[in-house]
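When a ligand or atom number is given, it counts from 1 through the structure's own listing order.
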Amino acid sequence: MMMVSKILFSLLQFFTLFTITFASTEEATALLKWKATFKNQNNSLLVSWKPSPDACNDRYGVVCFNGRVNRLNIRNASVFGTLYAFPFSSLPFLKYVDLSMNNLFGTIPPEIGNLTNLIYLNLSVNQISGTIPPQIGSLARIQALHIFENHLNGSILEEIGYLRITDMKHNNLSGTLPTTFSIGSALRSFNLDGNKLEGKIPQFLENCQQLEVLDLGDNLLNDTFPMWLGTLPELRVLSMRLNKLHGPIRTSGSEQMFLELRIFDLSRNDFSKNLPTSLFQHLKAMRTIDQTSKEPRYLGDSYYHDSVMVSSKGLELELLQILTIYTTIDLSNNKFEGYIPSIMGDLIALLVLNLSHNGLQGHIPPSFFS
Ligand SMILES: *[C@@H]1O[C@H](CO)[C@@H](O)[C@H](O)[C@H]1NC(C)=O
Ligand SMILES: *[C@@H]1O[C@H](CO)[C@@H](O)[C@H](O)[C@H]1NC(C)=O
Ligand SMILES: *[C@@H]1O[C@H](CO)[C@@H](O)[C@H](O)[C@H]1NC(C)=O
Ligand SMILES: *[C@@H]1O[C@H](CO)[C@@H](O)[C@H](O)[C@H]1NC(C)=O
Ligand SMILES: *[C@@H]1O[C@H](CO)[C@@H](O)[C@H](O)[C@H]1NC(C)=O
Ligand SMILES: *[C@@H]1O[C@H](CO)[C@@H](O)[C@H](O)[C@H]1NC(C)=O
Ligand SMILES: *[C@@H]1O[C@H](CO)[C@@H](O)[C@H](O)[C@H]1NC(C)=O
Ligand SMILES: CC(=O)N[C@H]1CO[C@H](CO)[C@@H](O)[C@@H]1O
């Protein structure tokens, strides 16, 4: 009895080993076929991508699990080529793909939908063009799609509502945002900064209760400020800078608004009146409001904190009183008119004040020098 099970075990082991070797050889060959299509065959990082019976053995950027390719990470590996010959159908256990910071061009083939186990895809910082294939949305397990800094065009599809994290900033996406997402509630981070999106801010975002980051900056959105965003309990970052938002900003009167907000940027819009002071009272957790500058430049970190960047017309005294807590106030690039109020010079905490590029006139009040 003992003997029989031992033989059976060895037989099982043999077959498992055989199947694994067979599968990984097939996966290895598929990856090499893709490499053969690269425009630069002298890639020093990928010299380990050469014929061998085992795809998992010392091949740069390839990680296997149970003998099947599980991760592919060739970030910043000087790959110059397209995705057309990528072995989408030969890597059924691939979960994690990072091809960012290369020189990939051409479009994303619809066969990407064949990577049925994919959880994470990063194609950022390449030269990829064309539209986002809806097949990405049909990947049942995908959680994160990072595809920023490419040349993607066309519109944002409803299908990507399956994703938790979507970063498509700095592309050429246009049209209006979808009015609904299939599973909107999963969305945590939605970054579309630097595209050509127009129309309104979709109401379905109100149902994305887990949303932490919403960046719709530098687009062509034409809407009033959606105050209902204030009810999203997890929202930490909100930028709608550089759009065509207009009209007065109205607070609802509720105290429980924007409770977690840390970064808030509405600069360079077309709001018709000053921001209501009640809005600032809501923003208790807020520290840094301008997230758009990549580095603080002349402002040291300590000055950079507690800064405020708003966009409105007319400097109102009421607003200024609320601003007393800030050390840096950047009101540049707005449409402020009239004289600089004397009270500005009395702001106790103020260290840096930027009022450039406005319609202000007159001279600097003496209170600034006393
Ligand atoms: C690799 O080949 C490309 C052209 O195919 C050439 O421009 C580049 O200088 C080469 N790089 C090295 C390190 O040889
Ligand atoms: C990318 O790789 C180059 C070498 O090819 C290196 O100089 C550069 O620092 C890398 N960049 C990053 C962000 O890793
Ligand atoms: C995706 O790739 C870019 C470029 O390499 C990188 O900056 C970014 O952090 C990556 N995203 C994640 C979530 O790793
Ligand atoms: C966006 O599209 C316009 C017009 O087709 C083109 O001129 C521009 O270079 C594109 N920008 C990017 C980042 O691809
Ligand atoms: C996307 O860009 C391609 C050129 O790269 C162009 O042919 C196509 O018309 C553009 N599509 C949209 C929707 O702008
Ligand atoms: C914004 O949309 C309205 C119609 O809803 C239109 O009248 C107005 O011209 C648009 N503004 C801009 C700047 O596109
Ligand atoms: C003031 O704002 C303008 C326009 O945004 C900017 O160019 C300038 O560098 C800023 N200056 C300081 C001292 O913050
Ligand atoms: C095996 C498999 O799922 N093949 C699919 C790969 O993707 C193309 C394009 O979406 C489909 O047509 C195939 O059916």
For Glu198 and Leu221, which heavy atoms make the closest approach, and how far apart are they?
-> O-CD2, 3.6 Å
Does Lys196 come within less than 4.0 Å of ligand 4, judged by its heavy atoms?
-> yes
Taking all non-hydrogen atoms of both residues into account, name the closest pair between His151 and Asn171 and its distance.
-> N-OD1, 3.3 Å
Return the orientation label for the Tyr120 and Tyr96 ring planes: parallel under 30°, perpendicular over 60°, tilted otherwise.
-> parallel
Residue Lys244 vicinity, atoms of ligand 6 by number, heavy atom under 4.0 Å = 13 (C)
Measure from the side-chain N and O atoms of Asn66 to the backbone N and O of Arg68, and report whether any donor-acceptor pair falls under 3.5 Å.
-> no
Residue Ser356 vicinity, atoms of ligand 7 by number, heavy atom under 4.0 Å = 1 (C), 2 (O), 3 (C), 4 (C)
Could an N or O of ligand 4 be found under 3.5 Å from any N or O of His151, whether backbone or side chain?
-> yes
Please work out which of Asn195, Ile128, Asn172 has its closest non-hydrogen atom nearest to atom 1 (C) of ligand 4.
-> Asn172
Do the side chains of Leu214 and Leu229 get nearer than 4.5 Å, heavy atoms only?
-> yes
Is Asn222 in polar range of ligand 6, meaning some N or O pair under 3.5 Å apart?
-> yes
Just to confirm, does any protein heavy atom lie below 4.0 Å from atom 4 (C) of ligand 4?
-> no
Donor-acceptor pair between Asp193 and His170 side chains, under 3.5 angstrom = yes
Please indicate, with yes or no, if any protein heavy atom is found under 4.0 Å from atom 11 (N) of ligand 4?
-> yes
Is a side-chain donor or acceptor of Asn76 paired with a backbone partner of Leu99 at a separation under 3.5 angstrom?
-> no
Does the protein put a heavy atom less than 4.0 Å from atom 8 (C) of ligand 6?
-> yes
